[in-house]
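Note on naming: letters A, B, ... go to the chains in the order of the sequence lines (proteins, then strands), and numbering restarts at 1 for each one. Here the structure is a predicted model, which is why all the values come from computation and not from measurement. Both backbone and side-chain heavy atoms feed into the values below; hydrogens, waters and symmetry mates do not.
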There are 2 protein chains.
Amino acid sequence: MNGTVNISTRQLRAFVALVELRNFTRAAQKCCLSQPAFSALIQSIEAEAGVRLFDRSTRHVELTAEGQLFEQWASRLLLDFDTAFVNLKDHVTLRRGRVAVSALPTIAATMLAPVLAEYHAAYPGVAIEMFDTLADASLALVREGRADLALTAGKVEHPDFEVHRLFDEPFHLVCRRDDPLLARPTVMLDDLAGQPFIHMVRSSSIRQKIEAELAAVPMRMVMEVAHLATVGAMIESGLGISVLPAQAVPRLGMPSLASRPLGGKPLFRTHYMIQARQRSLSAAAVTFREILLARLKRE
Amino acid sequence: MNGTVNISTRQLRAFVALVELRNFTRAAQKCCLSQPAFSALIQSIEAEAGVRLFDRSTRHVELTAEGQLFEQWASRLLLDFDTAFVNLKDHVTLRRGRVAVSALPTIAATMLAPVLAEYHAAYPGVAIEMFDTLADASLALVREGRADLALTAGKVEHPDFEVHRLFDEPFHLVCRRDDPLLARPTVMLDDLAGQPFIHMVRSSSIRQKIEAELAAVPMRMVMEVAHLATVGAMIESGLGISVLPAQAVPRLGMPSLASRPLGGKPLFRTHYMIQARQRSLSAAAVTFREILLARLKRE
DNA sequence: CACACTTACGATATTCGTAAGGATT
DNA sequence: AATCCTTACGAATATCGTAAGTGTG
């Protein structure tokens, strides 16, 4: 480590200023320094280089042969330095950057969409990467560092992850507006017994939740589908009913569907935000997190 | 000047070392610093950048997202820095460089040639530019900065130039070995009267010196030629005699020529080394000057 | 003699290493 | 308990600005 050069950008800037102005007094002003301090700064570069870089009398300041040589490098070095730092600062100030979020498809389509919109409006220079995928894949992305944050609908217990509880979302009965079930003042869980039921596929976290909580209620499975919109379309067509996260229903944009809270034992899922415990969040991710939490608090 | 980054190569080197080793203790050793001092150095970069660049616990040291970004620049910046400085140091240590000397052709061929050879042997990386030209042109080159040093055979008085006297060189009679003049114990200036004389052209400094000093001795001009070698050949062929700088004669490599000091009033020219007063000499030129002076002192 | 760079010098800020503190495995 | 990073702190070093010195036109 000894014998290596040690030069600061202040010294480089001083050199470049003096090359440009050929005058210690004015170059010192440009560098916001007293003239003697500036003089010392120039001397420190010359000491580091081992040569005089300027010939100076009280009347003239000129580059020496070695100074001319160094001049060719100095401004480019400085430019590269500044470019690197401007780039870095751009990321810190979110003029540029990247944030990656993963979430279950239903969460992505419901809670997350407006947050992403707000974030993008505020920081249009930051690229957003959105993974809408199953819970396990979501967590894997965070673990691998490919996603900064994951939103899940179930608690995760693992030392690798830092978990932050967001809010509870109730499950609602979803059926056609003309369904006889809606005639009752409140629909109880047991009322669903024997009803034709549209399920999500088994890998879906909604399906898993329904199976776990409604195990006691015998229902007729009409079919199982992969996408929420398909569930909606099936209900609309009179094939059956379903029980879905409350926020998901209006997002389907199907006016002939009705959703209704269920009486009896409260049925809900809890949303969590998850991040890797070891890794710190990027500036872009930190701000995304803040916007997400602020929006939830607001509602 | 405020708001600008100020980073030193020490900080860069610390960053790069820590990226490489992922361990504060070992990276500190590599930088010849105590571990706390090294830690502070890393913190100073982070403060300058406005972000954490490393996530560290006692067990793991990892780059943050911003650290990864900066990593891409850091090593290249450092490399450019070192390249610039190595290049500069190469010139300071004369591994590379350029020196330009101008001199009268006779001086170049006599006094200067062995100096150039010695210099080139010692510093083969330094390019030598040799201008053999008339005195006025020689001085112009120095004034314009195209030559570092000039060697002249006459004193120059001008505030732009710094003049250093080298040595006196006598003028000798040059004639054929069988010339009757050589029969005399000593040849006096007056003995040359009526002799057939080979002159250099009028622009030559030798001619000017001869005309000024030998005005009183009437000689027969047989011819005037531009080059010293031509003078020699003419004498060899028996066309006449001449009076030339002593060192020039053996350089002609003409064994049938004889040279002899002249008795009476001493006839000589004085050599000077000249450099620009304002400009400092490059490292290459300083060393050339030293070698030149050392060689003259040696002889 | 006026202007411009250097040197001198005391005050302030930075940086160093040693030693103690705290966290992780 | 061992390892490793951070904090604390006094000492050494560096840097600053003011003021005096020096040389050049």
For this session: Could you check which of dG25(D), dT6(D), dT7(C) has an atom nearest any side-chain atom of R52(B)?
Result: dT6(D)
Problem set entry | Side-chain N or O of T25(B) closer than 4.0 Å to phosphate OP1/OP2 of dC5(D) | yes
Exercise. Do D55(B) and S280(A) meet the criterion of a side-chain donor-acceptor pair at a distance under 3.5 Å?
Worked result: yes
Problem set entry | Among dC4(D), dT24(D), dC16(D), the one nearest T58(A) by side-chain distance | dT24(D)
Exercise. Separation of E62(B) atom CD from dC5(D) atom P, in whole Å?
Worked result: 13 Å
Exercise. When we call it a touch if two heavy atoms are under 4.0 Å apart, what does Q35(B) touch: a base, just sugar-phosphate, or nothing?
Worked result: base
Exercise. Between R298(A) and E118(A), does at least one N-O distance fall below 4.0 Å, as a salt bridge requires?
Worked result: yes
For this session: Please state whether the phosphate of dC5(C), meaning OP1 or OP2, lies under 4.0 angstrom from any side-chain nitrogen or oxygen of Q43(A).
Result: no
Problem set entry | Touch class at under 4.0 angstrom, heavy-atom based, for L41(A) against every strand present | nothing
Exercise. Between E48(A) (CD) and dA14(D) (P), how many Å, whole number?
Worked result: 12 Å
Problem set entry | 5′-ward residue of the pair F38(A)/S57(A) relative to DNA chain D | F38(A)
Exercise. Once you round it to whole Å, what is the distance between P of dC4(D) and CZ of R26(B)?
Worked result: 7 Å
For this session: Run the numbers on F54(A) and F15(A) for ring-ring contact (aromatic ring centres under 6.0 Å, His included), then give the verdict.
Result: CA-CA 9 Å; F54(A) 294 94; F15(A) 176 85; 5.4 Å; yes
Seminar exercise, completed: Taking dC16(D), dC3(C), dT25(C) as options, the one with an atom nearest any side-chain atom of L33(A) is dC16(D)
Problem set entry | Side-chain touch Y119(A)/T287(A), heavy atoms, less than 4.5 angstrom | yes
For this session: Look at the side chain of S39(B) and decide which nucleotide, out of dC5(D), dC16(D), dT6(C), has an atom nearest to it.
Result: dC5(D)
Problem set entry | Nucleotide dC5(D), atom P - distance to CG of N23(B) in whole Å | 5 Å
Problem set entry | R10(A) CZ to dA13(C) C1', straight-line distance once rounded to whole Å | 12 Å
Exercise. If you find the nucleotide of DNA chain D closest to A40(A) and the one closest to R59(A), which residue's nucleotide is nearer the 5' end?
Worked result: A40(A)
Exercise. Between atom NE2 in H60(A) and atom C1' in dG25(D), what is the gap in whole Å?
Worked result: 9 Å
Problem set entry | R56(A) side-chain N/O to dT6(C) phosphate OP1/OP2 under 4.0 Å | yes
Problem set entry | Residue-phosphate contact under 4.0 Å: S34(A) side-chain N/O, dG17(D) OP1/OP2 | yes
For this session: Rounded off to whole Å, could you give me the CZ-to-P distance for the F24(B) and dA23(C) pair?
Result: 17 Å
Exercise. Within this structure, what is the CD-to-P distance between Q29(A) and dC5(C), rounded to whole angstrom?
Worked result: 11 Å
Exercise. Can you tell me if E66(A) and S282(B) form a side-chain donor-acceptor pair at under 3.5 Å?
Worked result: no
